[in-house]
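To start, the structure itself, in structure tokens.
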Amino acid sequence: AKSPAATSSDFRVGKKRAKWGVKWTVAKRRGLSARRSPLRKRSTRGARAKCVCVDNTRARRTHGPVESKPERTLSRAEARAFDEHAQRVLGIPGAVLMENAGRQACERMLARLRVQALSARRGPAPWRIAVVCGRGNNGGDGYVVARHAFNDGHAVECFSVCDAGELRGDAALNCEIVRRLGVDVQRIAEAAELTAACARWREADAVVDALLGTGASGAPRGAVAAA
């Protein structure tokens with residue numbers, strides 16, 4: 001039996017297969033995932049974009065300098081308004097907001113430490129991180145930072161300007177979690193305790209200031225001012 005005559009569409013499909021087959025061979029040589037279909041142009045572009053994003057040197061050489069968008073900092077009133085809207089209107093619990101804030105702060109801190117380690121040609125060894133916590137929700141954010149850094153394998157020390165019994169709500173909850181994980185939480189109230197803590201802070205790779213947040217008013221007082 002004779003084979004059916006080839007149509008123009010068959011030639012177009014064959015040409016397309018040959019075209020993307022060549023590109024897929026090049027992509028495989030560059031180390032891209034073999035699970036992506038060689039006939040899907042979108043998948044190949046996605047793989048290339050991912051490769052370019054990982055290698056900033058290649059991105060600068062191919063597409064010019066990589067520009068980062070400037071970040072906008074919220075004022076105290078704006079931050080309080082966002083929190084109130086999230087809790088009262090959207091119904092997001094305060095513990096969730098505290099978890100998100102602490103996790104994001106920890107990720108930013110660790111990313112900056114990695115960049116500094118690369119620029120100094122140091123290995124990705126565990127870092128020493130000191131977290132200084134106040135008695136309010138900002139201190140609770142600090143305990144979340146400590147927990148995530150500890151879970152990431154770093155040496156974490158917490159310093160508190162108040163007793164654990166003075167904490168309330170979500171801050172008390174996260175402080176208790178950190179204690180149960182085995183993270184050392186040191187009280188700094190006396191001058192001698194503060195002097196010893198300052199010596200530890202100088203040895204740390206990063207010090208997290210979680211003393212005061214948007215709820216603070218007036219000048220710092222007492223142990224907070226000393227710290």
Side-chain angles (χ1 to χ4, degrees), residues 50 53-56 68 71 73-74 79 82-83 86-87 90-189 193-194 196-216 223-224 227:
K50 183 177 181 181
C53 291
V54 170
D55 188 356
N56 284 335
S68 58
E71 296 184 356
T73 303
L74 299 178
F82 269 101
D83 284 346
Q87 294 184 67
L90 302 180
I92 302 176
V96 175
L97 299 177
M98 185 173 291
E99 179 70 20
N100 291 341
R103 185 185 69 254
Q104 290 290 332
C106 183
E107 290 177 357
R108 290 292 187 91
M109 175 188 64
L110 296 180
R112 180 166 295 186
L113 287 174
R114 293 187 191 99
V115 171
Q116 293 176 355
L118 288 174
S119 62
R121 298 181 181 275
R122 291 182 293 159
W127 293 297
R128 294 167 296 180
I129 299 171
V131 185
V132 190
C133 301
R135 57 174 48 88
N137 285 338
N138 200 251
D141 296 341
Y143 290 119
V144 176
V145 172
R147 170 161 49 86
H148 283 282
F150 179 81
N151 290 338
D152 202 47
H154 304 287
V156 180
E157 288 182 300
C158 286
F159 301 85
S160 176
V161 297
C162 67
D163 293 323
E166 300 179 42
L167 298 174
R168 296 291 182 270
D170 301 327
L173 171 65
N174 282 288
C175 178
E176 181 62 23
I177 294 174
V178 165
R179 287 180 180 274
R180 293 188 180 190
L181 283 174
V183 177
D184 187 22
V185 181
Q186 305 177 29
R187 174 81 160 89
I188 48 174
E193 295 172 340
L194 182 60
C198 288
R200 301 292 295 170
W201 298 344
R202 295 189 190 98
E203 297 173 356
D205 297 295
V207 179
V208 179
D209 179 1
L211 290 170
L212 298 174
T214 58
V224 175

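The basis for the numbers below is simple: all heavy atoms, side chains too, and nothing from hydrogens, waters or symmetry mates.
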Which heavy atom of [X] sits nearest a heavy atom of [Y], and at what distance?
| X | Y | value |
| --- | --- | --- |
| G136 | A171 | O-CB, 3.5 Å |
| H148 | C106 | CB-SG, 3.7 Å |
| A86 | L90 | O-CB, 3.3 Å |
| A210 | G142 | CB-CA, 3.6 Å |
| M109 | V145 | CE-CG1, 4.2 Å |

Seminar exercise, completed: For residues 173-182, the salt bridge (Lys or Arg N to Asp or Glu O under 4.0 Å) pairs (sequence neighbours left out) are E176-R180
Distance from [X] atom [atom1] to [Y] atom [atom2], nearest 0.5 Å?
| X | Y | atom1 | atom2 | result |
| --- | --- | --- | --- | --- |
| L211 | F159 | CG | CZ | 12.0 Å |
| D170 | Y143 | CG | OH | 13.5 Å |
| R112 | E107 | CZ | CD | 14.5 Å |
| E99 | R147 | CD | CZ | 4.0 Å |
| I129 | L113 | CD1 | CG | 6.0 Å |

Problem set entry | Working for side-chain hydrogen bond (donor to acceptor under 3.5 Å, both in side chains), residues Q186 and E193 | CA-CA 9 Å; Q186 305 177 29; E193 295 172 340; over 6 Å; no
Seminar exercise, completed: Those residues at least two apart in sequence (or on a different chain) that pass salt bridge (charged side-chain N to carboxylate O under 4.0 Å, His left out) with R128 are D205
Check whether any side-chain heavy atom of [X] sits under 4.5 Å from a side-chain heavy atom of [Y], and report yes or no.
| X | Y | value |
| --- | --- | --- |
| F150 | C158 | no |
| D141 | V208 | no |
| V161 | I188 | yes |
| R135 | L167 | yes |

For this session: Assess whether atom CZ of R200 is packed by more than 12 heavy atoms of other residues, nucleotides or ligands within 6.0 Å.
Result: no
For this session: Check ring pair (Phe, Tyr, Trp, His ring centres under 6.0 Å) between H154 and all other residues, then give those that pass, not counting sequence neighbours.
Result: W127
